[in-house]
Every structure is written in C-alpha cells, then in structure tokens.
Amino acid sequence: MRATEATRIYFDAAADQLDLSPSMRRLLLTAKREVQVSIPIELDSGELATFIGYRVQHNDARGPLKGGLRYHPQVDLDEVRGLAALMTWKTAVVNIPYGGAKGGVSVDPAARSLRELERITRRFVDEIHDLFGPDVDIPAPDMGTNAEMMAWIMNQYGKYRGFSPACVTGKPVEYHGLPGREEATGRGVGTLTLKLLGRLGRRIPGTRVAIQGFGNVGTHTAKYLADAECRIVAVGDAGAAYHRSAGLDVLDLLRHAREHGGRLSGFTGGDAITAAELLATDCDVLIPAALGGVLTTANAGSVRAPIIIEAANAPVEPDADGIFAQRGTLVLPDILANAGGVTASWFEWVQNRQHYQWGINRVRQELDRILGESFEQVWQLAQSRQVSLRTAAYMLGVGRVAKATVLGGVA
Ligand code: NAD
C-alpha cells in the first residue's frame, strides 16, 4: 500500500471521531509544499552520478516544520509525503510547537563512501537552503542518516546564512548537539513500553521482547529495556536475526555490531533465525524498529506477541492493523511510540537558540515527563471514546492541528 494511502486511512478514522468537515479534512491532508531536486555529484571513481532528493513540508499551523531526512534506495515522493504527514500528527500528539515535514534522498548509503555521502548531503543543502532554516523547517536524522551528516548540513547552511546551529537537529554533541538526543527515540520507545505494560498490569522483569532493526532506535530500545530487566529474546537487522529464549546479551550484541560495521551477522550468542521468524517470535512485546510496511495481511496472522510497539514509522499496514484489532493485539502507534526523537530535537533547537546546554539528566527527565503525559492523554482518550490507541493518538494530534488552523485563520 502506498504510504500516503495508509496515513490517510488512519487520519480518516480520527477525523470521523472528531466530526471534521470535508473542507478541513482537505486542508489538513494537503501538503503546504513539495520539492524534488536533482543532486548531481562526482563519485570517487570520477564518474558523474545524479541522485534525487525530496522535501515535503506538510503543515506548519502549530509552528516551524520539523522532520527527518532519510537515505534509502526506496525513498520516493509518496513515501516522503506520507512520512511528512505523520510528523505533523506526531509533533501535535506530544504538543511541541512544530509542524511536520520529511525529506529523503534515494540512495543506498551502504553502497556509497563517506566522501560521496558528504557531497550528496552538501549538494542537497545547496538546492534547498532557501526552503529550510531555524524558523522555517528543521531537518533531523532518520533511517540511513546520522549526526555527522547533520553537522555537514549545519556547516553547508552556514555558508549561505552564517552561524545557524538551530537549522538542523541531531547534530554531534561536540558540534552544537544535545547530550541524549541520539538515545532519545529508543529511550522513548522503552519508556512508553514500560508505561503500557504498567497500565495493563503486567510484570516488567522477565517480559520477553523481540526487536526488528538494530540501528539507532533498535539498539537504544534494546539497551533501555534490558536495563529494566526485560528479556530481549530476538533481534534482527537487514542481514541477520538471532534468538535466545533465555535472553540475548545486549551488551554482547552491541559490541559485535560495533566491531562489524554496525551489522549483526556472525553473532554467536544466539540461534540464527529468519526475518519472518523474528516477527513471529513467541514473545510478549514485538518492536518493529526498521522499515515501514513490514506487518501486512500476509504475516499478521503469524505474529504471536500480544503487544506491538511501532518504533519504526508506519511498520503496520492498515489491513494488518484491522487484523490485530480483531484479535485483541494492542498496537502502540508510531506517532506516539517514536516521538522521543522529535521531542529531544525540540530541546536541542531551543538550546541552540539560547546558546545554552542542558545536562543529560535534565534532558532525560524532561523527555520522560513529556512522553509520560502524552501517553496518559492518549490512554484516557482511548478509554473514554472506546477507540484504539492509534485512533486516540490521531484524534489528539489531528484535533490540535485543526484547532490551531482555525485559531490562526486561513486568509
Ligand atoms: P538506522 O538506519 O539507524 O537503522 C535501521 C536498522 O534497520 C538497521 O539495523 C538496518 O539493518 C535495519 N533494517 C533495514 N532493512 C531491514 C529489513 N528489511 N529487515 C530488518 N531490518 C532492516 O535507522 P533508525 O534511525 O534506527 O530508524 C529506524 C526506524 O525508526 C525508521 O522507520 C525511522 O523512520 C524511525 N524513526 C527514527 C528516529 C530517529 O531518531 N532515528 C525517530 C523516529 C522514528
């Protein structure tokens, strides 16, 4: 299913509950601006290669546009459009003063050298520097991009506009970044998982967790939940997956990945399983933390976990979501589950503007507070309206954006 179609289905369910008019629905679903640019660079071989970059600025009714930048071969305009809308609802769910945007370049970062990636990133900034900035639209890392690339973005943007650290978030701590930003999405996934388990009256120590994806989000989620005495029984990435019913040693997994270019392949502390077996692991909590669209009608029936936490963006397709709802499988939706990243990005942006820096403890404390309050609001709304957690989260997010639109006016 196309990304925009999936987000539209979830939006409609909330809009029906909120009784939004057709004209307000059309306004909220229509992106403010969509940009596609060509990114020609010289490869290390001396050959010329042209990549395609996108930035979709969905809605800025609640504040400057905010959203990650994804480097992946499957990036296209539809995917970026769908992800940009998700950002609008996500920033509204956690009630931070931003709108939503997303960007991406259709490139396989694993197949390109660091210098080629730097040339792509700087050239992308050259093409869109007049469309983003501290008060306009603030990019951040997403799949396939990292803190180093955010530093290149700030540096390149500065060549046009001077010193502007708040033009991008997720920067290295040594280069105007925020202590705790890198762990924030995974920490948030972990915190919210514990909140949900608590609300359901389930015991946390010994909870069996399976995680798909062992990048930024997957690693920090695994670490946080292992520290809370959960048992990480299965973990996988793009190349391999491993299972151990007594629990994998997360520190060992992290060490292995660090020593093998971030990859899990060759890990000896568990039994190798297939990617399909990972999703069907006998466990209490399944956490997809890699790509979108991984849980579909084809495999939803084989999922054994009673709880799914959407750490990735859009990992559950709407038809699979319907199957889970029927079966009583609880899904904590992406627009809440992975909102820790954008919340910490907001802290980074605020501090860049104040030329001040918080310590890690304050970052964690504020992050936990905002996510905890947002979870409670979503939970209460789901209970009082007898809707799914996803519909409740969308109701909260879409409702806030609609309200801001009315208050600001459109003329
Ligand atoms: P990343 O690039 O750091 O890691 C991605 C991981 O997914 C890697 O381990 C990779 O091997 C794995 N992967 C890729 N294809 C796979 C496949 N087919 N099967 C299994 N594993 C596969 O990316 P990330 O930043 O951790 O982002 C992961 C997800 O979380 C994305 O959906 C992203 O949009 C979402 N997200 C990230 C952030 C953030 O702050 N980084 C914030 C919100 C949402």
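Here, residue 1 is the first one in the sequence, and each next residue gets the next number. No experiment lies behind these values; they were computed from the predicted model shown.
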- Measure the shortest side-chain to side-chain distance between V80 and V75 over non-hydrogen atoms and say whether it is less than 4.5 angstrom. yes

- Any side-chain heavy-atom pair of P97 and W346 under 4.5 Å: yes

Table please: side-chain donor-acceptor pairs of residues 159-174 below 3.5 Å, with sequence neighbours left out.
residue	atom	partner	partner atom	Å
K159	NZ	Q156	OE1	3.0
Y160	OH	D126	OD1	2.6
S164	OG	G162	O	2.9
T169	OG1	K66	NZ	2.8
T169	OG1	S345	OG	2.8
K171	NZ	P165	O	2.8
K171	NZ	V168	O	2.5
K171	NZ	E348	OE2	2.7
K171	NZ	N352	OD1	2.7

- For the pair R304 (side chain) and C283 (backbone), establish whether a donor and an acceptor sit closer than 3.5 Å, ignoring hydrogens and angles. no

- Would Y157 and H129 count as a close aromatic pair, with their ring centres under 6.0 Å? no

- Query: So R244 and D271, salt bridge (charged side-chain N to carboxylate O under 4.0 Å, His left out) or not? Walk me through it.
  - Reply: CA-CA 6 Å; R244 186 165 179 261; D271 301 322; over 6 Å; no

- Would you say the side chain of V209 lies within less than 4.5 Å of the side chain of I211, judging by non-hydrogen atoms? yes

- Item | Heavy atoms from other residues, nucleotides or ligands near CD of Q354 exceed 12 (cutoff 6.0 Å) | yes

- Query: Would you call E34 and R81 a salt bridge, using N to O less than 4.0 angstrom?
  - Reply: yes

- Task: Give a yes or no on whether the ring-centroid distance for Y10 and W89 is below 6.0 angstrom.
- Result: no

- Judged by atom type as modelled, is there a donor-acceptor pair below 3.5 Å linking the side chain of T281 to the main-chain atoms of E277? yes

- Would you indicate whether the side-chain heavy atoms of R202 and P306 approach each other to under 4.5 Å? yes

- Do M149 and I153 come close enough that some side-chain heavy atom pair is under 4.5 Å? no

- Query: Got a salt bridge between R123 and E127, using NZ or NE/NH1/NH2 to carboxylate O under 4.0 Å?
  - Reply: yes

- Count the heavy atoms belonging to other residues, nucleotides or ligands that lie under 6.0 Å from CD of E5, then report whether that count exceeds 12. yes

